[in-house]
Amino acid sequence: MSAADIIGLSAIEAAREIAAGKLSAGEMFDAYRARAVSDELNCFTWVAPERPGDIAVGAAGKDAPLAGVPLAVKDLFCTVGVPSQSGSRILEGYEPPYTATAVRRLLQAGASLLGKTNQDEFAMGSSNENSAFGPVLNPWDRTRVPGGSSGGSAAAVAAGLAPWALGTDTGGSIRQPAALCGIVGLKPTYGSVSRYGMIAFASSLDQAGPLTRDVTDAALLLRHMVGADPCDATSLEFPQEIELPRAEHLDGVRLGVPAELTGGSTGVGVDAGFDGEGIEAGVLDAFRSSLNRAAALGAEIVESVSLPHAPHALSAYYVLAPAEASSNLARFDGVRYGLRTQGAEDLLEMYERTRHDGFGAEVKRRIMLGTYALSAGYYDAYYGRAQRVRTRIAEDFARAFDEVDFIVTPTTPTIAFALGEKTSDPLAMYLNDYCTVPMSLAGIPAISIPCGLSDGLPVGLQIAGPVFSENRLLDAAYALEQALGFDGSKARV
Ligand code: GLN
């Protein structure tokens, strides 16, 4: 098989070819490795120096359902003996002595580690411009951002530098870059994938999930990631096996379109600086025409559903996530891991200098915000209040799911924006996650699938469901994906 033919296969197609003995896993690994090594988009922070010796060969069988298919993994997943820096200078040179459970499970299922991918530092960002390794370029237009924080994973999959990739999503970091790069990204139900070995950002929100070319690949990758883990007390056994999606229709499926997250008239994000319109016209057009497609497939579009507290999600998130981050990042003090700035007179000065040199501006901003929000005098005014808003948001979704099966929104308010356009305006940057943060706070699963183009760049459609509804969610996304027929090959350069 030629390299071009190999790159043309989706991950599940490749796994099937390998299992049937028509393609060798080693040959596939080499084809992708060659592309990853010559990556011009800055997607990778590390590429495997050679094909793994134990790569699955020939008929893969049930012990290796992923058949050696190469996998790109976001930098923040600890991987034994491989640099794992979470996009930060403060973890320079850190090679963990253990591997994250999600990665370990995928390797045990037969995947092979192709490389580690670039990301915003400690997963804080929406454009991948906060990385110590420099920005990632969007393969659809190299003057634009790929989204973040899993920007390297998204761009690598979109550009055909990896068949599929792992990312993490705290407030949108799988879904938003998937949308901006024209691929599929799934944030699973909180707790369904172990967080053990993921360098933490905000522990009550962080979830690992797949970034893939299509919905079927997302289901296959998720199937081998989920499950309770004794090393993560917040992990849960997934109640069913994750199935490969098959639905062709949406008969009887009720899709709720909440005005608050779809540019409706209910004052979208007024408190967060939105002007009431918020969502770009081109994005709304693609969103509306995919709703028409859904209706043609049999779905019932329910416009009356409401998420009244969703406009406050971003404000609550930017108290809660920095609060948790300020606590999680306290461990990086120059003593245990990575960077230690030399020349300090005493221990305190060593801490200060290391953290000064090792953390980037956005991370420092979050640490300050979070420390302030958690300080004794303000704890209830900020953190306690934000937690109460979080509860209200979860209640809104629960009520909505009495009326509809899924909530649908655009994944992002805009298409990919220019590199540098929002770097000096943190609030403008935070608004990228306006439509994705509510689901994160509620802990529910949500998928982004490409639903069309605006100005020649991809638009994402977000579908969210109740906890553990992944199988139904994947089915609905699959039916729509087939009907929409989005062609992502334009980015596979
Ligand atoms: N962009 C959001 C933030 O900067 C979300 C990041 C994420 O999901 N990791 O916090």
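Indexing begins at 1, ligand by ligand and atom by atom, following the structure's order.
- Near ligand 1, Ala123, Met124, Gly125, Ser126, Ser149, Asp169, Thr170, Gly171, Gly172, Ser173, Phe201, Tyr317, Tyr318, Arg366, Asp433 each place a heavy atom less than 4.0 angstrom from the ligand.
- Using a cutoff of 4.0 Å between basic side-chain nitrogens and carboxylate oxygens, Arg399 and Glu395 are not scored as salt-bridged.
- Sequence neighbours left out, not one pair with a member in residues 367-382 passes side chain to side chain donor-acceptor pair (under 3.5 Å).
- Applying the side chain to side chain donor-acceptor pair (under 3.5 Å) test to residues at least two apart or on different chains, the pairs with a partner in residues 456-470 are Arg175-Gln462, Thr189-Glu470, Thr409-Gln462.
- Annotation: side chain to side chain donor-acceptor pair (under 3.5 Å) contacts involving residues 138-151, sequence neighbours excluded, comprise Glu40-Arg142, Lys74-Ser149, Lys74-Ser150, Asp141-Thr143, Asp141-Arg144, Ser149-Ser173.
- For the pair Lys422 and Phe417, the cation-pi criterion (under 6.0 Å, within 45° of the ring axis) is fulfilled.
- For the pair Arg195 and Asp232, the salt-bridge criterion is met [side-chain N within less than 4.0 Å of a carboxylate O].
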